[in-house]
Every structure is written in structure tokens, then in C-alpha cells.
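For the single chain, residues carry numbers from 1 onward in sequence order. These numbers come from a predicted model, not from an experiment.
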Amino acid sequence: MRKIAPRILLAVLILLFALLTLFLSGSVIFDLFGIRAKEGNYVLLVVWANFISSLLYLVAAYGLVVQKKWPYKILIISVAILSAALAGLFIHIDQGGWYETKTIGAMIFRICVTLVFTFFSYRQLKMRKQSIILLLF
């Protein structure tokens, strides 16, 4: 049985997370499948941040598959967008805006998952550089 490259496994995990995020956030934004009504008091800033991040996840997954150096940088941008959205959510809450309490936990979870993806993407880059150096000697 052939071993799956960690880089490909990471890309597949990011791709699956991206597709799920794209479906859920896109469904709320574009009011597909009645998901908007099921979401309750969603905060549009958070939904758009998730949507943009899902697109960035797709780009990062592609970058991993084709062995580019930049996927971790794309994921850092995603962490920044999600963190800014979380800050915006707290401002929204502080101003008395409607929200679902599960949104806070979901945002923290999403930021943590993206940080894990970022770490392993960066690690793949470092491992690739070490492999190239070992091949040269």
C-alpha cells in the first residue's frame, strides 16, 4: 500500500474544510436551501469573512498540491481576516447587536483550525527545503 504524502493529506483536509465553509457561508449570503432562516441571528460580517476565507483555503490547498512556497502565507491572511471579523463581532455585540452565542465558539474554532493548517503548511515548506538540501549532498 502506497503512503499518502503528508502534503497531499493536508491539502485534502484544507479542501474539505474549504468546501464545507464555502457551502455554508455561500448558502447564508445567497439565501440558498433555506439555510439563512435556520441560522437565526447571523452576523453578516462573520459570514462574509468565512466566505472569503473559504476561497483562500481553496487557493492554499491548490498551492500545497503543486508544491508552492506560499500556501502558509495565504492561510495567515485568512487568520487575519477571521480575527478581524471576531473583533468586529465583539464590537457588534458590545453595541447591542443580535447574534447567536454559538458564533463566538465557531469563530474561535475556525481561527484555531486555520492556525493548525498554517503551521502544517509552513512545516511542509521547511520539510521540502530540508529534502532538497539532503538530495544535494
**Prompt:** If we ignore angles and hydrogens, is there a donor and acceptor under 3.5 Å between the side chains of S54 and T21?
**Reply:** no

**Message:** Would you say L19 ends up clustered with F30 if hydrophobic residues are merged whenever their side chains have heavy atoms under 4.5 Å apart, either directly or through other cluster members?
**Reply:** yes

**Message:** Same cluster or not: L13 versus Y57, using hydrophobic residues (I, L, V, M, F, W, Y) connected whenever any side-chain heavy atoms lie under 4.5 Å apart?
**Reply:** yes

**Message:** Please report the interatomic distance NZ(K38) to CZ(F33), rounded to the nearest 0.5 Å.
**Reply:** 10.5 Å

**Asked** Are F17 and R110 side-chain neighbours, meaning at least one heavy-atom pair lies under 4.5 Å?
**Response** yes

**Asked** L22 and I111: same hydrophobic cluster, using ILVMFWY side-chain contacts below 4.5 Å?
**Response** no

**Complete:** Note: A11 and V65 closest approach over all heavy atoms is CB-CG2, 3.6 Å

**Prompt:** Do L55 and V66 share a hydrophobic cluster, counting only Ile, Leu, Val, Met, Phe, Trp and Tyr and linking them when any side-chain heavy atoms are less than 4.5 Å apart?
**Reply:** no

**Prompt:** Rounded to the nearest 0.5 Å, how far does CG of L86 lie from CD1 of I81?
**Reply:** 14.0 Å

**Asked** Stepwise, does the side chain to side chain contact (heavy atoms under 4.5 Å, CB included) test hold for F117 with V113?
**Response** CA-CA 6 Å; F117 288 157; V113 167; 3.5 Å; yes

**Request:** Provide the closest heavy-atom pair for L82 versus A49 in the form atom of the first, atom of the second, distance.
**Result:** CD2-O, 4.1 Å

**Prompt:** Going hydrophobic residue to hydrophobic residue with side-chain gaps under 4.5 angstrom, can you get from L45 over to I35?
**Reply:** no

**Message:** Working to the nearest 0.5 angstrom, can you tell me the gap between K73 NZ and Y122 OH?
**Reply:** 10.0 Å

Listed pairs under 3.5 Å, donor-acceptor, residues 93-109 side chains, sequence neighbours left out:
from, atom 1, to, atom 2, distance (Å)
E100, OE2, N41, N, 2.9
T103, OG1, E100, O, 3.1

**Prompt:** Measuring from D31:CG to R36:CZ, what's the distance to the nearest 0.5 Å?
**Reply:** 4.0 Å

**Asked** Which heavy atom of L15 sits nearest a heavy atom of A61, and at what distance?
**Response** N-CB, 4.1 Å

**Request:** To the nearest 0.5 Å, tell me how far I14 CD1 sits from F120 CZ.
**Result:** 10.5 Å

**Request:** For atom OH of Y62, decide whether the heavy atoms of other residues, nucleotides or ligands shown that lie under 6.0 angstrom number more than 12.
**Result:** no

**Complete:** The reported gap from CH2 in W70 to CG in L64 (rounded to nearest 0.5 angstrom) is 8.5 Å

**Asked** If you take all heavy atoms of T114 and L75, which pair is closest and at what distance?
**Response** CG2-O, 3.7 Å

**Asked** Any side-chain heavy atom of V79 within less than 4.5 Å of one from T118?
**Response** yes

